[in-house]
Amino acid sequence: MTSPRSRKPYGVKGAPYGFLLPATLLFALFFVLPIGYAVWLSFRKVHVSGLGLGAGARSEVWAGLENYTQALGDNEFYDGALRVLGYGCIVVPVMLGLALLFALMLDSERVRLAPFTRLAIFLPYAIPGVVAALLWGFLYLPDVSPFYFVLDRLGLPQPDLLDGGPLYLALSNIAVWGGTGFNMIVIYTSLRSIPAEVYEAAKLDGATPLQVALRIKIPMVAPSLVLTFFFSIIATLQVFNEPTTLKPLTNSVSTTWSPLMKVYVDAFGKGDIYSAAAEATLIAVATLVLSFGFLRAANRRSKQEAAQ
């Protein structure tokens, strides 16, 4: 039998739920409800009677899957998705590769000025995306960029980074410059949690620093690499700031360069919030499928390696 002293008052049992209540309410109010409303709008449309004049001439009616069918058949939406795919193929491997390289270098015993170096690498992440895009945008412009001035003085060719294929490199550079520091901190933190005894045992076995990095450090920070890859996929699929900010500087960036830009144009340019809601829902579903598909594959591989 339970003694009277071991019984907790009801107020004590409900205390954790009381602490969780504010966060739960904020999550539901600013996350769950907007998502639910967007999904609801994606199944609606405006029905216009007659000339669309007068009271009651426009009414919101049920549209079913019409908005989704229209979005999936929109060539601009598909073209934007393909552009983002090419953009992601550049950004994700380069950004994570540099983040891993910097983390390994900072974790080396011979590194000097480690605090200053960590801050210098992380600092670009603290700069807002719009400000970073504006900064790089003016550095890309031949008329105001100091790099073009130096190239002109040296008699070297001056590539147009805001036109054609180099545009992908210009946009990717902004994302890599801003996101490498965050991913580096995540990986570096994981490296610092590895017990020192592991390194000492490897040194006694005659392992070189390169072998320690390849055979011990990288495998042991694999969960952090999976996490950073997960975040990078989400950020890539939702790219908006960089192309939107660079659009006034070049004609090569259209108003629908990325899927999110297409959503913005449909919602606020054309005033069709119903089609925009359907497109936003498709982007969210694609993000969830790709992200959790990758996480499931990574977890399955981890279980297979643990079983072996």
Side-chain angles (χ1 to χ4, degrees), residues 8-44 60 62-63 67-68 71 84 88 91-92 95 99 122-133 174-175 178-190 193 223-245 258-269 271-296 298-299:
K8 295 182 179 180
Y10 178 78
V12 176
K13 292 182 179 180
Y17 300 100
F19 287 115
L20 289 174
L21 183 60
T24 304
L25 291 177
L26 291 175
F27 179 80
L29 183 61
F30 294 103
F31 192 79
V32 177
L33 288 180
I35 290 178
Y37 183 59
V39 173
W40 167 256
L41 287 177
S42 67
F43 293 103
R44 311 285 290 179
E60 187 179 286
W62 181 259
N67 292 323
Y68 290 96
V84 168
V91 171
V92 176
M95 181 169 59
F122 180 77
L123 187 59
Y125 178 75
I127 299 176
V130 175
V131 176
I174 300 174
T180 299
F182 171 80
N183 295 306
M184 181 271 296
I185 290 295
V186 174
I187 300 172
Y188 177 73
T189 304
S190 182
S193 65
S224 297
L225 293 174
V226 172
L227 180 65
T228 53
F229 190 85
F230 176 75
F231 288 153
S232 300
I233 290 178
I234 296 176
T236 300
L237 293 176
Q238 297 178 355
V239 59
F240 180 82
N241 288 334
E242 292 85 355
T244 302
T245 306
S258 70
L260 271 186
M261 293 176 68
K262 178 73 165 55
V263 173
Y264 181 85
V265 169
D266 288 344
F268 302 102
D272 188 0
I273 59 173
Y274 308 100
S275 297
E279 294 165 355
T281 304
L282 289 175
I283 295 173
V285 171
T287 304
L288 289 174
V289 170
L290 290 176
S291 302
F292 286 102
F294 170 76
L295 286 179
R296 186 171 183 180
N299 291 333

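In this chain, numbering begins with 1 at the start of the sequence shown. Since this is a predicted model, take the numbers as computed values, not measurements.
- At least one donor-acceptor pair under 3.5 Å links the side chain of Ser193 to the backbone N or O of Ser190.
- Residue Phe122 comes nearest to Ile185 through the heavy atom pair CD1-CG1, 3.6 Å, listed as atom of the first residue, atom of the second, then distance.
- The minimum heavy-atom distance between Ala277 and Leu41, with the atom names listed, is CB-CB, 3.9 Å.
- Contact between Ala133 and Asn241 at its shortest, heavy atoms only, is CB-O, 4.5 Å.
- For Tyr274 and Phe43, the gap between ring centers reaches or exceeds 6.0 Å.
- With ring centers used as reference points, Phe294 lies 6.0 Å or more from Phe230.
- Shown are Leu237, Val92, Leu227; of these, the side-chain contact (heavy atoms from CB on, under 4.5 Å) with Ser232 is made only by Val92.
- For the pair Val239/Leu260, no side-chain contact is recorded, criterion being any heavy-atom separation below 4.5 Å from C-beta on.
- Listed here is the closest heavy atom pair of Thr281 and Ala38: OG1-O, 4.4 Å.
- Between Ile233 and Phe229, the closest side-chain pair of non-hydrogen atoms falls below 4.5 Å.
- Between the side chain of Asn67 and the backbone N or O of Ser42, at least one donor-acceptor pair lies under 3.5 Å.
- Around atom CZ of Phe240, more than 12 heavy atoms belonging to other residues, nucleotides or ligands sit under 6.0 Å away.
- For the pair Leu29 and Pro34, the tightest heavy-atom approach, listed with the atom from each and the gap, is O-CD, 3.4 Å.
- The two atoms that bring Ala267 and Ala276 nearest to each other are CB-CB, 3.6 Å, heavy atoms only.
- In this structure, Met95 CE and Met184 CE are separated by 13.0 Å, a value rounded to the nearest 0.5 Å.
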